[in-house]
Amino acid sequence: MAEFHGVKSRWEIKYEWSGGIAISRFMQGLKEGKILGVKCPHCKRVLVPPRIFCERCFIELTEWVELSPRGKINTFSIAYIDTNALPISTPQINAVIDLDDARGIIGIFHIIGEAKPEEIYVGMPVEAVFRPAEERTGSILDIKYFRPLKEGKPNE
Amino acid sequence: MSYEVAVVGVGQTKFEYQSKKTTQELVFEAAKKALDDAGMTLEEIDTVVYGSAPDGFDGINMKGEHVIDAAGALGKPFERVFVGGATGALAPITGYYHVASGLSRATLVICQEKMSPCKPKPQGLFNTIFDEFTDRPMGINLIYIFALEMNRYMTVNKIKLETLAKVSVKNKKNAMDNPYAQLPMEITVEDVLNAPVMAYPVTKYHISPSSDGAAAAVFVNKNIAKYKEKPVWIAGVGWCLDSTYWTNRDLAYPKYVEYAARQAYNMAGIKNPQKEIQVAEPYDPFSYKELQHAEGLLLANRGEGWKLIEEGIAYRDGKLPLSPSGGLLGVGNPIAAAGMMKFNEIVLQLRGDAGKRQVKNNPKVGVVQAWGGLMQFTGVLVLKA
């Protein structure tokens, strides 16, 4: 059989997305150092990330609330690879954090900082650490990371 | 009313990384093998269903249109199914509907994926299936998410890594008897545990590989099936989705898999799946997924999936063999084609045509499940000999 031929190429496509009604307000909240959610008057859950509807009760949601930045680790992982599955030198602690004020299974995905991998456990109390106000851009990355909450008190 | 539907032909390509064959060449090879196995020609096919997941892998947008010539779809109704890993169940379910409705006498279903063209690694593309604002900036990929889900599943159910490692050992060993397998190997539990960690608790051997490949099957009505030697009947179908807000889900138990399974079992008249199902291909992109999905499929009690492997039930000579094909862990994971491969394996097992992979309990009833989408989409089919 003849040799196989190959060719290299790339898609050069740029996008610009609107955050829409709910995520725009969520991002504005992060810029102000707050985690915002929407409350469903029917099932009483506070939804994060916020959306303009409750997917279970199927009603429009308009009641915005600020949540405590504290929660507990629902599950965690220690990643030795990056997004492209290529090795990284410093492991990254990924976690789903159940927010204390959310009621029900309402978590947020983020990384854990100021902690060693071997100290982390499921159920560990943590709190969000925001970047300094002047560095915030209205992004999920305005939360620098979540860190362990020592003896249930805010860290200094 | 609906018409009874039988599968009368199956076929697949080898699963491998960086196949030199094109998307069309893989599609044609699997389609032709399925037709040959059925003893049928393209003229006898009324409709064609094609399943493939994100276009981004092989970098061909609107890939459905790209394959119609190779899929034998010229001059026929053609439909593409596009639901990630669940495509491998939803494409055969769609094929079932075409024939069950009476609109088609015979339908050719082909699932195919070519992941390897995506550089530097296909895994990076998975970042683009998530939310632009809350997930993508975090650099998320599927290994990150499955490592989180695996840890939650292990923690809630108090399962040891050693137990999950046994699933990898079993499936990779089963794949030794599969001529189409990408990662057949005999390894030990220690090999799995000591393999390089990708994202704790996931080591290299807890995860299925990226793959290229295709698998296909021919679905026909009763009038055609009666002339075929060993028709396998579609007895029940079901599918179900959970929320796309993945951090708002129960990561330990897949309730939506249970809902899909109950739909399929009700339709098939299965009252006690643990007693009546004799062979199963639950979706196993990761070791823990086989056991978690077996629970969702009601093949084990909730939280007791570990018993299937620890008590020897899941092996080929066990009471309820799981993934006798070698599964995604052993045969490979060309997304859409992976589930279709598992579907075809159940067909071969019920026909008694699985060769060295044939399970020992002479099965007449089997179940196959595929799963994916945004890790919350599942489809289930119950098959009977």
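Chain identifiers are assigned alphabetically (A, B, ...) following the order of the sequence lines, protein sequences preceding nucleic acid strands; residue numbering begins at 1 within each chain.
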In terms of heavy-atom contacts, does [atom1] of [X] have more than 12 from other residues, nucleotides or ligands at under 6.0 Å?
X	atom1	value
K119(B)	NZ	yes
R302(B)	CZ	yes
E16(A)	CD	no
I21(A)	CD1	no
R103(A)	CZ	no
K33(B)	NZ	yes
Y259(B)	OH	no

Portion of [X] that has a non-hydrogen atom of chain B nearer than 4.5 angstrom:
X	result
W17(A)	both
A102(A)	neither
I111(A)	both
V96(A)	both
S24(A)	neither
I23(A)	side chain

Sequence neighbours excluded and cut-off under 3.5 Å, please list the side-chain donor-acceptor pairs for residues 138-152 of chain B, or say none.
| residue | atom | partner | partner atom | Å |
| --- | --- | --- | --- | --- |
| N141(B) | OD1 | I143(B) | N | 3.1 |
| N141(B) | OD1 | Y144(B) | N | 2.9 |
| N141(B) | ND2 | D82(A) | O | 3.2 |
| N141(B) | ND2 | T83(A) | O | 2.9 |
| Y144(B) | OH | I81(A) | O | 2.8 |
| E149(B) | OE1 | Y288(B) | OH | 2.7 |
| E149(B) | OE1 | K289(B) | NZ | 2.6 |
| N151(B) | OD1 | T155(B) | OG1 | 3.3 |
| N151(B) | ND2 | F76(A) | O | 2.7 |
| R152(B) | NH1 | N74(A) | O | 2.8 |

If you check every heavy atom in residues 194-202 of chain B against those of chain A, which residues fall under 4.5 Å?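 So the qualifying residues are V197(B), M198(B), A199(B), Y200(B).
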
Output a table of donor-acceptor pairs, distance under 3.5 Å, between side-chain atoms of residues 37-46 of chain A and any protein atom two or more places apart or on a different chain; print 'none' if there are none.
| residue | atom | partner | partner atom | Å |
| --- | --- | --- | --- | --- |
| K44(A) | NZ | P41(A) | O | 2.9 |
| R45(A) | NH2 | E55(A) | OE2 | 3.3 |

Heavy-atom pair with the smallest gap, counting every atom of T134(B) and P49(A):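 T134(B) and P49(A) have their closest heavy atoms at CG2-CB, 4.0 Å.
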
For chain A, which candidate among P117(B), C118(B), P137(B) shows the most heavy-atom pairs at distances under 4.5 Å?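 Top option by heavy-atom pairs under 4.5 Å: P137(B).
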
Could you give the distance from OH (Y15(A)) to CD (E132(B)), rounded to the nearest 0.5 Å?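 Between Y15(A) OH and E132(B) CD, I get 10.5 Å after rounding to 0.5 Å.
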
Nearest 0.5 Å please: distance from the OG1 atom of T203(B) over to the OH atom of Y80(A).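 These two atoms lie 12.0 Å from each other.
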
For Q123(B) and N84(A), run side-chain contact (heavy atoms from CB on, under 4.5 Å): C-alpha distance rounded to whole Å, both residues' side-chain angles, the deciding distance at 0.1 Å, then the answer. CA-CA 6 Å; Q123(B) 184 59 229; N84(A) 286 309; over 6 Å; no

Under 4.5 Å, counting heavy-atom pairs only, tell me which of N94(A), L30(A), L47(A) racks up the most with chain B.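 Most pairs with chain B among the choices: N94(A).
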
If a pair satisfies ring pair (Phe, Tyr, Trp, His ring centres under 6.0 Å) and one of its residues is in residues 95-150 of chain A, list it, with sequence neighbours excluded.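 Checked against ring pair (Phe, Tyr, Trp, His ring centres under 6.0 Å) - neighbours excluded - the pairs reaching residues 95-150 of chain A are F109(A)-W246(B), H110(A)-F146(A).
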
Do I106(A) and N248(B) have side chains that get closer than 4.5 Å, going by heavy atoms?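 In contact.
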
Heavy-atom distances under 4.5 Å only: say whether F133(B) touches chain A with side chain, backbone, both or neither.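 Both backbone and side chain of F133(B) come within 4.5 Å of chain A.
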
